[in-house]
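On a predicted model such as this, the values are computed, not experimentally measured, just so you know.
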Amino acid sequence: QVQLVESGGGLVQAGGSLRVSCAASVRTAGTYAMGWFRQAPGKEREFVAAITWGGGNTYYAESVKGRFTISRDNAKNTVYLQMNSLKPEDTAVYYCAADPRISTMTSEAHKLRNWGQGTQVTVSS
């Protein structure tokens, strides 16, 4: 089991930037793909971005392509989500997830078992 702790959420104006982080309790390099999901009030949790365990491949939801960047620092067992050009519709609780398979992140999120507690991101108009 992997414990994940997110940080870095907050309030930002539309057009602004924010970076959220997720620290894992175990070594993730070579073992776990990492990903970000979000859930807005009244909506289902949705995929945002994912990165393979080596960091060589990244995946994004269409709604965030070109604005968000996922990266990882394997020495720190940490994954980041840099969010630029934020919009009010990006407002949500952002969750970090870990899984040995990148396909679980991108296509089978219902199978994910390792989740963080979430961090609130609020974008004001």
A.B. asks: Looking at every non-hydrogen atom in both residues, tell me the closest pair between Ser7 and Thr119 and how far apart they are.
C.D. replies: C-OG1, 4.3 Å

A.B. asks: Indicate yes or no: at least one non-hydrogen side-chain atom of Arg27 is less than 4.5 angstrom from one of Asn77.
C.D. replies: yes

A.B. asks: Of all the heavy-atom pairs spanning Ser124 and Leu11, show the shortest one and how long it is.
C.D. replies: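 Nearest heavy atoms, Ser124 then Leu11: CB-CD1, 4.3 Å.
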
A.B. asks: Closest approach of Ile70 and Met34, non-hydrogen atoms and distance?
C.D. replies: CD1-O, 4.0 Å

A.B. asks: Identify the heavy atoms of Ser63 and Arg38 that sit nearest to each other, and give their distance.
C.D. replies: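 For Ser63 and Arg38, the tightest heavy-atom pair comes out as OG-NH2, 3.5 Å.
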
A.B. asks: Evaluate the side-chain proximity of Leu18 to Val121: yes if any heavy-atom separation is below 4.5 Å, no if none is.
C.D. replies: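 Yes, close enough: below the 4.5 Å cut-off.
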
A.B. asks: How close do Gln1 and Val26 get, heavy atom to heavy atom, and via which atoms?
C.D. replies: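 Looking at all heavy atoms of both residues, the closest pair is O-CG1, 4.4 Å.
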
A.B. asks: Would you kindly check if the NZ (Lys) or CZ (Arg) of Arg45 is within the cone defined by 45 degrees around the ring axis of Trp115 and under 6.0 Å from the six-membered ring centre?
C.D. replies: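 Yes, Arg45 sits over the ring of Trp115.
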
A.B. asks: Quick one: do Trp36 and Phe47 satisfy ring-ring contact (aromatic ring centres under 6.0 Å, His included)? Show the steps, please.
C.D. replies: CA-CA 7 Å; Trp36 288 95; Phe47 169 77; over 10 Å; no

A.B. asks: Would Glu6 and Tyr94 satisfy side chain to side chain contact (heavy atoms under 4.5 Å, CB included), going step by step from the backbone distance to the final call?
C.D. replies: CA-CA 8 Å; Glu6 299 99 334; Tyr94 283 70; over 6 Å; no

A.B. asks: With a 4.5 Å cut-off on side-chain heavy atoms, are Cys96 and Val79 touching?
C.D. replies: yes

A.B. asks: Establish, from distance only, whether the side-chain atoms of Tyr80 and Arg19 form a donor-acceptor pair under 3.5 Å.
C.D. replies: no

A.B. asks: Do we see a donor-acceptor contact under 3.5 Å between the side chains of Thr91 and Glu89?
C.D. replies: no

A.B. asks: Looking only at non-hydrogen atoms, find the nearest pair between Cys22 and Leu4 and report the distance.
C.D. replies: SG-CB, 3.8 Å

A.B. asks: Set out, in order, the CA-CA distance, both residues' side-chain angles and the distance that settles side chain to side chain contact (heavy atoms under 4.5 Å, CB included) for Ile51 and Asn57, then state yes or no.
C.D. replies: CA-CA 6 Å; Ile51 188 167; Asn57 290 292; over 6 Å; no

A.B. asks: Look only at the side chain of Thr78 and the backbone of Lys76, and say whether a donor-acceptor pair between them is shorter than 3.5 Å.
C.D. replies: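 Checking the backbone N and O of Lys76 against the side chain of Thr78, a donor-acceptor pair under 3.5 Å is found.
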
A.B. asks: I'd like to know if Arg67 pairs up with Asp90 as an ion pair, taking the criterion as any Lys NZ or Arg NE/NH1/NH2 lying under 4.0 Å from an Asp or Glu carboxylate oxygen.
C.D. replies: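 Yes.
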
A.B. asks: Could you tell me the separation between the OG1 atom of Thr52 and the CE atom of Met105, rounded to the nearest 0.5 Å?
C.D. replies: 11.0 Å

A.B. asks: Can a side-chain donor-acceptor contact be found between Ser17 and Asn84 if the only test is distance below 3.5 angstrom?
C.D. replies: yes

A.B. asks: Mind checking the CD-CD spacing from Gln39 to Gln120? Nearest 0.5 Å is all I need.
C.D. replies: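 Nearest 0.5 Å value for the CD-CD distance: 11.0 Å.
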
A.B. asks: Contact between Leu112 and Thr104 at the side-chain level, heavy atoms closer than 4.5 Å - yes or no?
C.D. replies: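 Yes, close enough: below the 4.5 Å cut-off.
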
A.B. asks: Taking atom OG1 of Thr58 and atom CZ of Arg72, what is their separation to the nearest 0.5 Å?
C.D. replies: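 Separation between the atoms: 12.0 Å.
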
A.B. asks: Could you see if Tyr95 belongs to whatever hydrophobic cluster contains Ile102? Use Ile, Leu, Val, Met, Phe, Trp, Tyr and a side-chain cutoff under 4.5 Å.
C.D. replies: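 Yes; Ile102 is reachable from Tyr95 via cluster members.
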
A.B. asks: Could you check Trp53 against Asn74 for side chain to side chain contact (heavy atoms under 4.5 Å, CB included), going step by step and ending with a plain yes or no?
C.D. replies: CA-CA 9 Å; Trp53 57 258; Asn74 285 333; over 6 Å; no

A.B. asks: Hey, does Asn114 have a side-chain heavy atom less than 4.5 Å from the side chain of Tyr32?
C.D. replies: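 With C-beta onward as the side chain, the pair touches.
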
A.B. asks: Drop me the distance from Phe68's CZ to Tyr60's OH, to the nearest 0.5 angstrom.
C.D. replies: 10.5 Å

